[in-house]
Amino acid sequence: MVAKETKNKKQETGKIEKYDPSKIEPKWQKKWKETELYKFKEDSKKEKYYPLVELPYPSGDLHIGHWFSFVTADVHARVHKMMGKNVFFTNGYDAFGLPAENAAIKRGIHPKDWTIKNMETMTKQFETMGSMIDWSHTTAACFPDYYKWNQWIFIRMYEKGLAYRGKMLSNWCPQDQTVLANEHVENGKCWRCGSEVVQKEIEQWFIKLTEYADQLIWPEPDKNGLSNGVDWPISVRVAQNQWIGKKEGVKIKHKVIGTDLEFESFSAYPAWSWADRYIVIAPEHSIVKKLVKGTKEEKKVMKFVEEMSKKTDLERQETKEKLGVFTGRYAKDPFGGPDMPIWLANFALINFGTGIIRCSGHDERDIEFAKKYGLKTGEAVVKRENGNAATPHDGMGGILKDSGPFTGRDVWEVVPEVINWIEKQEIGIRFVNYHIHDWSVSRQRYWGTPVPMIHCKKDGIIPVPDDQLPVELPYDVDFTPKGKPPLASNKEWMKVKCPKCGGEGLRDPETLDTFFDSSWYFFRYLNPHYDKAPFSKEDAKKLTPVDIYFGGAEHTLGHTLYARFFTRFFKKLGLVDFDEFAKKRVQHGVILGPDGARMSKSKGNVVNPDDVVKEYGADAARVYLCFMMPYDATAPWAPGGMWGTYRFLKRVWDLQYNLNDKELSKTDLFEMHSAILKVQEDAGSTKFNTGVSTLMKWINYLSAKESITPEEYKKFLLLLAPFAPHIAEEIYQTYFAGDKEFKSIHAQNWPLFDEKYLTTESVTIVIQINGKLRDSIQVESTKLKIQSEIEQLAKKSSKIQKYIEEKKILKTIYIPGKVLNFVVA
RNA sequence: GCCGAGAUGGUGGAAUGGUAGACACGAAGGUCUCAAAAACCUUUGAGCGUAAUAGUUCAUGUGGGUUCGAGUCCCUCUCUCGGCACCA
């Protein structure tokens, strides 16, 4: 140790300074920025590491939830950096979208100005966090050099048939005046504004998610716990698989008696088909009109259709009562059963299968409906144990009693055979149904990526040629919602020449769903101004896939699924050579208000990070966010806990007045090295709370000593640096950095851990009688492996003797270094 | 209804099948102080027990099981949170 290190500040100046974060934090933030400390530099000698946090929406205010996501990820990134990896850590903004437009309408500011101002404010707020985000890689969807590539991707998808225009019943939000994707309807309500969503038939753009539905299904994890080679939480994998909802079955062809009409019904349980006795059709189905045209039932049926169409999704979900009407028509049963009456029913869903169901006595809904309207039902199976009819849903199966050629056989066993048989008899075809539908991406709003398509009367829909991209979003537009896309109001902008015939064409006035933007932003980070493609193959090869993706559970069914789809598409384009964009996904928990309720402005329980920083400093806030709960838990913000971490940092600070050069004892080294190991394991994964508690434990140990050595202090600061970067830097610079040039603690290596210090001279062995703790003995480490000696030592204990004298020892179990257990009669 | 996760002190929570309650908050008592704050020290799962130390029993939502040994593994049930849901 050099002489300087043996002296503490008090010895030099005779003064003791108090810990004051407001004095040190802005100072170091400035210095780090000036010296470009966190700028990513390519380094082929180091292993790359790409941690990613979901990019925030620029609402204008960094709330405590943002702090939680970014602080924990920042700690994680810093530990990996110190451990010698080349860490790429940046952030951008999900800058397009409705809230900007709504806020702008409310305040009379242009969405662009509002958004850009918010991004500036938030970037400054990120600086007060002391994060190591490298802002030179930032980007935002609303910049033309970002959304240009949205348009480019969209056109490539169009060329490959993955983006298409279609007319479909869609979720329409009457408040926001736009279409919503299925993933963004929550309980029949708009995820943004909470209005009840209605169904409207609208022509719009779709992304063909169904094309990759099979590929997006997560397989069972392998022996290393990896599914598709990556480590994603089971909750996400299961939820996505259910959402994709793959069901294999058959479509069965039917002829309507007395007409030339035909239709198909879908069945996922074809072995039950012999029990089907009637048919129901979704009221929205296009065949309904033709079916009843000119019949005496027409009026009644169409009235029913109209009544059903008036109901919102929410109302339909809430009414479980079965409602229906008879069409007067019958269909032939291709399975040879009696002619089947055709009904309309509210429980038949237009979006599932073909919208038409064959009904039997094996489904609760079918039975309920049949009872209500006096219809006959059939039964095809008997449950083996209690004799009740088995339903397809209970999964129990049974022996088929009345299933044509398969009678007398096991229900589940014959399913593949039944499908083959149906195809052979030409009464139906194999069909796979998915719950997931193609993604509706058209938004009838202003603040988004313009759809890069031109509508020409002669040539139809023509993509904008690549050399004319981006189609820039015009600034002057009347964006107040009028039920029509706002862009259509800018006549000048709308006019465009058809790239094919040169005649007059019109631009597409719709914009893309912002989830399109956020499906690939982590590729754009690599080089946000790259101008030949969305990103370069070489960059992607060097830095992707993302190593760990931090985010919230709310993106399970939307964003992360879309991003996985995009990655597969990029692979198809040859831009990447992997399927999964993130090797690991971790989902953070929720910080509740101090009252235990979810934070909300109306409840007045919102914790503002700016206030916390003012009171305790960023470092204390960072440490508390790591410490307050496990990463994925949900717990209330406790002001007292915040005080506790502040107190911890004060103790760290005060230790500098207790420095003295001395030999480190074996215990000192043991404490030091166990802390190094535990912190690197915990913060290197996502166990931030126990990482902090390890530091607290060590500081308790250090504080209890008469004085500490510079070596101990320096190593402590290195372990603390990822959690509390400012205080660690301040003390490090005062004592350990040298005078010449600025060498940040954050550019130092993680202290080396050496196992040899973890072995101690003696170890406590617990002595149990019949598994119950009765005593413990100290044993020299060298003797740990000799069971007989330990048994002898144990038997010497008077406490143990009490239990074993005059008793027969039936068995002795020894776990080296831990437990000795006597089993006595 | 189906699927997933979870339930440990007054609170947040620790704990590769091996000393349950680490670490922190809160609380109580003390030192310092005219006093308070801060800081520091002690105690803090519940019983029984002792002058005190000791000792000892019960404790990880419920009831069973596996094991020398279970908070941890298996089954039953209860409750909480999250996702999906009239899915043929």
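Proteins come first, then strands; the chains are lettered A, B, ... in the order of their sequence lines, and each starts at number 1. Excluded from the calculations below are hydrogen atoms, water molecules and symmetry mates; all remaining heavy atoms, backbone and side chain alike, are included. Keep in mind the model is a prediction, meaning the values are calculated, not measured.
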* Donor-acceptor pair under 3.5 Å: do we get one between A:Q768's side chain and the base of B:G18? -> yes
* Structure fact -> When rounded to whole Å, the CD1 to C1' distance for the pair A:I367 and B:G1 reads 15 Å
* State the pairing partner of B:G9; accept Watson-Crick or G-U wobble contacts with both distances under 3.5 Å, and report none otherwise. => none
* Structure fact -> Across every strand shown, the nucleotide meeting Watson-Crick or G-U wobble geometry with B:G26 (both distances under 3.5 Å) is B:U44
* **Rounded distance (Å) that lies between atom P of B:C2 and atom NZ of A:K320** => 13 Å
* To the nearest angstrom, how far is A:N241 atom CG from B:G4 atom C1'? -> 12 Å
* A:Q778 CD: over 12 foreign heavy atoms closer than 6.0 Å -> yes
* How long is the line joining CD1 of A:I777 and C1' of B:U19, in whole Å? -> 13 Å
* To do: Sort out the partner of B:C87 for me: Watson-Crick or G-U wobble, both distances under 3.5 Å, none otherwise.
  => none
* Structure fact -> If pairing means Watson-Crick or G-U wobble with both distances under 3.5 Å, then the partner of B:G63 is B:C75
* Asked: Among B:C58, B:C3, B:A24, which is the nearest nucleotide to the side chain of A:K772?
  -> B:C58
* **Pairing partner of B:A37 (Watson-Crick or G-U wobble, both distances under 3.5 Å)** => none
* Out of B:A5, B:U19, B:U57, which has the shortest distance to the side chain of A:R774? -> B:U57
